[in-house]
Structure formats: C-alpha cells, structure tokens
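Below is one structure, written out as structure tokens, with a few remarks after it.
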Amino acid sequence: KLFKAYFTDNMELSNLEVLKEIAGQVGLDSDEVSQMLETDLFAKEVREDEKEAARYGIYGVPYFLINGEYAISGAQPTELIRKALEELLEKEKTEFHETMNSMVCGADGCRINGE
C-alpha cells in the first residue's frame with residue numbers, strides 16, 4: 001500500500017494523515033497508529049535499528065541480512081534470492097552436521113572434540 005501510494009498515486013508519505021489513511025486500509029488500529037506517528041513511542045527502537053544497520057554498512061533498501069552474516073543488497077531477481085537462500089541453507093546444514101559429528105557427550109555434558 002505504501003509503494004502504491006507513493007509510486008503510483010503520488011501521495012506524500014511525510015503527511016501523517018496519508019499514513020493514517022493507509023494504515024486504516026490495511027487494518028491497523030487508528031488510535032495506535034496516531035499515537036505512534038504523533039509521539040516518540042518507538043523512537044528509541046528506531047534509533048537502535050538505524051545504528052545496527054550502520055554497523056552492517058546498510059544505508060539503503062531493500063537489504064536482506066540473513067543470520068547476521070549473509071547479505072543481499074538492492075532489488076534482485078526472485079531467482080537470485082532463492083538460489084542464494086538455498087546455498088546458504090545447504091552451507092548451514094553442512095556446518096551443523098560437521099559440528100554434531102564432532103560432539104562428544106558424557107556425564108559432565110557435551111563438548112565439541114578439540115575444545
């Protein structure tokens with residue numbers, strides 16, 4: 001709805017009334033939306049998200065950060081994103097199995113061989 005409002009309908013997303021209208025169209029509670037937009041209710045959380053993004057070098061959207069380690073930046077074809085996710089999943093599964101295969105458990109708990 002936001003993209004349509006901005007890119008198709010040429011609506012001003014900095015206008016709080018426009019945002020409230022869009023929020024109502026998608027079923028959000030109008031009182032909660034008003035409170036959020038007209039106060040600093042989530043300002044702290046937003047600033048924290050901005051700082052975290054900066055630590056990762058994220059300054060634009062879209063940006064997909066997976067497991068805090070893998071990044072896909074910019075508008076990418078669906079096939080590229082799917083392929084990247086499949087490759088990452090396979091890598092994660094391989095690393096998990098390697099870790100589990102080197103784990104030793106006893107009366108005192110579990111440890112990874114060599115640690």
Q76 and F64: side-chain contact (heavy atoms from CB on, under 4.5 Å), yes or no, with the steps?
CA-CA 10 Å; Q76 301 294 334; F64 304 94; over 6 Å; no
Could you give me the CA-CA distance, side-chain angles and deciding distance for V33 and L19, then say whether side-chain contact (heavy atoms from CB on, under 4.5 Å) is met?
CA-CA 9 Å; V33 170; L19 290 175; 5.8 Å; no
Where Y63 and Y56 come nearest, the two heavy atoms and their spacing:
OH-O, 4.1 Å
Does a side-chain N-to-carboxylate-O contact under 4.0 Å join K83 and E87?
yes
Can you tell me how far apart CE (M11) and CD (E17) are? Round to the nearest 0.5 Å.
11.0 Å
Does Y59 have any ring pair (Phe, Tyr, Trp, His ring centres under 6.0 Å) partners at least two apart in sequence or in another chain, and if so, which?
none
If I take atom CG from residue D40 and atom CZ from residue R47, how far apart are they, to the nearest 0.5 angstrom?
9.5 Å
Is the shortest side-chain heavy-atom distance between L65 and I72 below 4.5 Å?
no
What about I58 and Y70, same hydrophobic cluster or not, with Ile/Leu/Val/Met/Phe/Trp/Tyr joined at side-chain heavy-atom distances under 4.5 Å?
no
Give a yes or no on whether Y6 atom OH has more than 12 heavy-atom contacts from other residues, nucleotides or ligands under 6.0 Å away.
no
Flag yes if more than 12 heavy atoms outside N15 fall under 6.0 Å of its CG atom; otherwise flag no.
yes
Measure the spacing between CZ of R55 and CD of E50 and express it to the nearest 0.5 Å.
12.0 Å
Interatomic distance, CZ@F3 vs CG@D9, rounded to 0.5 Å, equals 14.0 Å
Test side-chain contact (heavy atoms from CB on, under 4.5 Å) on K20 and E38 and set out the steps.
CA-CA 11 Å; K20 290 177 194 177; E38 295 168 0; 2.4 Å; yes
In the single-linkage hydrophobic clustering (I, L, V, M, F, W, Y; side-chain heavy atoms under 4.5 Å), do V26 and V18 co-cluster?
yes
Does one hydrophobic cluster hold both F7 and I22, with members joined at side-chain heavy-atom distances below 4.5 Å?
yes
Considering only Ile, Leu, Val, Met, Phe, Trp and Tyr, and joining two whenever side-chain heavy atoms are under 4.5 Å apart, list the other residues clustered with V46.
none
With side-chain contact (heavy atoms from CB on, under 4.5 Å) as the test, would you mind laying out the steps for Q35 and F42 before giving the verdict?
CA-CA 10 Å; Q35 183 181 17; F42 292 108; over 6 Å; no
Shortest non-hydrogen contact between A75 and P62, atoms and distance:
N-CG, 3.7 Å
Point-to-point distance, once rounded to the nearest 0.5 Å, from CD of E21 to NZ of K1
9.5 Å
I'd like to know if the side chain of D29 reaches the main chain of D31, judged simply by a donor and an acceptor atom lying under 3.5 Å from each other, with no hydrogens or angles considered.
yes
Is there a chain of hydrophobic side chains (I, L, V, M, F, W, Y, each step under 4.5 Å between heavy atoms) that links L85 to L89?
no
Can you measure from CD1 (I66) to CG (L88) and round to the nearest 0.5 angstrom?
5.5 Å
For E48, is there an ion pair with K51 - N to carboxylate O distance below 4.0 angstrom?
no
